[in-house]
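What's counted below: heavy atoms across the whole structure, side chains too, no hydrogens, waters or symmetry copies. In each ligand, atom 1 is the first atom listed, and ligand 1 is the first ligand listed.
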Amino acid sequence: MRLVADLHTHSIASGHAYNTIDEMARAARDAGLEMVAITDHGPNIPGGPHRYYFGNLRVVPATIAGVEVLKGVEANITSPSGDLDLPERVLKKLEFVLAGFHAGTGYDGGTVEENTRAMIGAMQNPYVDAIAHPGNPAFQVDMEKVVRSAKDLGKLLEINNSSLTVARLDSADNCFRFAELAARHGARVVIGSDAHHASRVGVFDAAMELAERAGLTDDLVLNTDVGRILAFLRSRGKVRMEQERPEI
Ligand SMILES: [Zn+2]
Ligand SMILES: [Zn+2]
C-alpha cells in the first residue's frame, strides 16, 4: 500500500502544534505526497483557533510547493447528539471535515450507547467527511454499529497513526477491530498521520501495517489515490475553494 495524501495534520493555529501551513505543505512535498489537508482543531480546543480562522482559509492557496492543500478542520463533538463546535455555514465551506471526541471540549464521554449516538450523530452532519481516531478507548463505541452507519452514510473512519505511536496509545486493539470491520463490511477508511509537527507529515507506517493486517485493500483506503480523493470530494458536493493568491 502506498499513500499519496495526508488528510489529518495540524498547524500552529491548533495551539499545541508547531509549524505553519506553508511548512506543513513543504513537509508533505518532502515526504513525496501529492496532497495534504490542514485540519486544525475546532474552536473548543484550549488555545485553538477562533471560527474566523476557518472562515478565512480561502486566502490560503490551493497549491503550495506543488502540493494540493485542502482546507479543513478537526471539529470537536460537543454533545451526546453529535453537535460540533463550528456552525454549518462555516463547515460547508471547508474541503475536508473531520469530527472527533476530545475531552474538555464539550463532551467528555458517557456510556457506549451515548458515545455511539454522538459519533453517529456527527456522521449524520452533512458536512462531516470522516470521524477522527474512532478507536480512542476513552470514548468506547459500538464499533459494528458505527461501521455500518459509516458505510450507509458514505462517511470515512480514520485509522490514525498517532493513536498507535504518539497519543491514545491504548487504541491499537480498537483500531484493529475497526479496520477489520471496515474490511468485512466494505466501509471506506482514511489513514491520517495526525501530525502536530512537520517532521510527522506523511508518517503512516504503523497505521498502514495495521490496515493491511486487517485485510483492508487499496480500494477501501481513500488516500491511496488522488483521483479517488477528488471523486470522493465531488461526491460529497465539495468544491475546491477559490484561489485568491497565486501559487507559491
Ligand atoms: Zn491536537
Ligand atoms: Zn484528534
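- The side-chain contact (heavy atoms from CB on, under 4.5 Å) check on Glu88 picks up Asn125, Pro126, Tyr127, with sequence neighbours excluded.
- By the salt bridge (Lys or Arg N to Asp or Glu O under 4.0 Å) test, Glu144 pairs with Arg148, sequence neighbours left out.
- Remark: Asp129 engages Lys238 in a salt bridge, criterion side-chain N to carboxylate O under 4.0 Å.
- Distances under 2.8 Å from the Zn ion (ligand 1) pick out the protein N/O/S atoms His16 NE2, His41 NE2, His196 NE2.
- Scanning for salt bridge (Lys or Arg N to Asp or Glu O under 4.0 Å) contacts around Glu113 gives an empty result, with sequence neighbours left out.
- Residue His133 approaches the Zn ion (ligand 2) most closely through its N/O/S atom NE2.
- A donor-acceptor contact closer than 3.5 angstrom links the side chains of Glu74 and His133.
- Here the CD1 atom belonging to Ile21 is positioned 12.5 Å from the NE2 atom belonging to His10, to the nearest 0.5 angstrom.
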